[in-house]
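Take a look at the structure set out below.
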Amino acid sequence: MLKLIDKKSMKFKLWTYFILFATTIIIILWLLQIVFLNSFYETMKKNEIRKIGNSLVLHYGEDGFEDLLYKTSLNEGVGIRILDENGTLVYPINIFDIIRPQRLEYKAFDEFLYNLFSSNENYAIYTRNDVRLEKPILIYGAVLRGSSNTNYYLYIDSVLQPVDSTATVLKNQLIIITFLSFLMSLGLSLGIASRLSKPIEDITKSARKLADGNYNIEFKKGDYTEIDNLADTLNYTTTELSKIEELRRDLIANVSHDLRTPLTLIKSYGELIRDISGNDERKRNYHLKTIIDESDRLSLMVNDMLDLSKVQSGLDNLDISDFDLKDMTEDILKRFNYFKDNMGFSFDMRVSGKSIVSGDKAKIEQVIYNLISNAVNYSKDIKEININITEENGKVLYEVIDKGQGIPQEEIGNIWDRYYKVGKSHIRAASGTGIGLSIVKSILIAHDSEYGVESREGEGSRFYFTLRSI
Ligand code: ADP
């Protein structure tokens with residue numbers, strides 16, 4: 001069945017929220033306007049009449065009080081009467097009243113007195129149904145205490161207009177408003193949702209392509225910071241993923257190449273011994289030596305690979321201690337005695353200041369061993385290797401300097417990458433596996449070390465790193 005409404009969609013959610021918002025506002029309006037309108041109106045009227053009454057009581061006895069009564073009555077649209085203690089009208093009086101004094105009906109007057117004297121205030125406000133008008137009337141009463149002994153009563157009345165007709169008008173208006181606000185909610189939510197969801201849909205499409213292995217896509221930015229941030233992050237992810245993919249391809253190509261060559265050689269020399277050199281001791285020994293050398297090379301390569309993955313997976317658990325770089329270097333150099341004694345290499349170590357540092361001893365030893373063995377491997381005619389250990393500004397700078405073949409300028413940025421060998425030719429004469437410097441780099445990064453290389457082709461190289469001194 002076709003799914004017409006996706007209840008989890010942004011459009012549907014926004015629409016629901018808008019409708020909820022509009023409904024709440026409308027319910028509040030209905031309650032205020034229609035349900036509470038009557039009591040609102042009555043309270044308002046009561047307040048009005050109380051204000052008028054109290055102000056008149058205050059002004060009683062002043063000159064022009066009668067004038068004030070007249071004006072207030074006209075201005076505020078209320079009836080004002082002053083009664084004496086018997087309920088006889090004292091104000092307003094017209095010519096006929098003199099002949100036959102007017103008075104408040106007995107029943108009404110009784111009710112007036114009853115309300116006035118049972119009130120807690122010095123005035124009373126109450127409603128009564130007027131039989132002639134057939135409408136409820138709001139009445140205010142208070143005692144006017146003058147200087148003479150006689151007291152008078154202030155009697156103000158005002159018609160309470162029924163609010164039903166007003167309510168009907170409001171009701172009609174509210175029906176229109178309700179209808180309009182639902183329509184607007186729909187329009188607005190659809191509009192906003194499509195503006196919001198369009199860039200997200202675009203990003204989803206691009207992400208699907210990325211999932212299919214297409215790294216040439218770009219995540220488009222939209223009109224919102226949040227979307228821009230998402231696009232930036234995804235673009236960054238794409239770049240990183242494509243790098244990893246490239247690395248993976250290189251790795252498989254190089255590893256299979258590097259492993260295959262010694263294996264082929266081992267197999268061929270094995271066959272040679274079986275078929276040809278079997279009884280010729282000199283030849284056999286020569287062929288066996290190649291097999292042993294190639295096996296060594298294989299295990300060196302496998303060890304390097306294991307080292308790298310070990311270093312990279314356990315970067316955060318460094319085993320930090322304090323140790324002396326000078327002592328360490330002396331120990332390592334002992335391993336190069338063979339090169340010194342038989343191949344004409346010279347190793348010169350200079351130490352200035354203290355050489356005690358803090359770091360992972362075993363890993364730093366690996367770094368130094370790698371750097372010195374590279375210096376040996378890539379030296380040509382001049383076989384001088386200098387090692388400088390210099391204490392400066394709370395750090396110890398360690399330099400390994402050779403006068404060997406150097407590194408071409410355009411290759412210098414790549415030598416720290418896994419499996420990178422200058423020239424990428426994988427000439428078997430170069431002894432290493434192309435992993436050494438990436439192990440060095442991983443270890444130094446974990447130590448927050450500043451490291452690098454300076455090199456000139458044909459003149460030599462200077463590899464350096466720093467460690468925190470103690
Ligand atoms: P490898 O096992 O090939 O030595 P490394 O990761 O140690 O691998 O070094 C990567 C590449 O950097 C080497 O193949 C070499 O071309 C270059 N390199 C490293 N050290 C030196 C050096 N001291 N002099 C010249 N080139 C060097």
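First listed ligand is number 1; within each ligand, the first listed atom is number 1. Numbering starts at 1 and runs along the sequence shown. Values reported hereafter were calculated over all heavy atoms of this structure, with side chains retained and with hydrogens, waters and symmetry mates removed.
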Please state whether [X] comes within less than 4.0 angstrom of ligand 1, counting heavy atoms only.
X      : answer
Ile407 : yes
Asn370 : no
Gly406 : yes

- Query: Which option, Ile415, Ile372, Leu437, owns the non-hydrogen atom nearest atom 6 (O) of ligand 1?
  - Reply: Leu437
- Query: Within the side chain of Asp360, is there an N or O that forms a donor-acceptor pair under 3.5 Å with the backbone of Ala362?
  - Reply: yes
- Side-chain donor or acceptor of Ser469 paired with backbone N/O of Val396 under 3.5 Å: no
- Message: Counting neighbours of OH on Tyr215 that are heavy atoms of other residues, nucleotides or ligands and sit closer than 6.0 Å, is the number greater than 12?
- Response: yes
- Query: Has Tyr224 got more than 12 heavy atoms of other residues, nucleotides or ligands less than 6.0 Å from its OH?
  - Reply: yes
- Message: Counting only nitrogen or oxygen atoms and a 3.5 angstrom limit, does Tyr378 reach ligand 1?
- Response: yes
- N/O of Asp402 under 3.5 Å from N/O of ligand 1, yes or no? yes
- Might you work through the ring-ring contact (aromatic ring centres under 6.0 Å, His included) test for Tyr41 and Phe36, ending with a clear yes or no? CA-CA 9 Å; Tyr41 174 73; Phe36 300 133; over 10 Å; no
- Query: What part of Phe463, side chain from CB on, backbone N/CA/C/O, both or neither, has a heavy atom under 4.0 Å from ligand 1?
  - Reply: side chain
- Identify, by atom number and element, the atoms of ligand 1 in contact range of Ser461, meaning under 4.0 Å from any of its heavy atoms. 22 (C), 24 (N), 25 (C)
- Task: Look up atom CD1 in Ile356 and atom CG in Asp324, then write down how far apart they are to the nearest 0.5 Å.
- Result: 5.0 Å
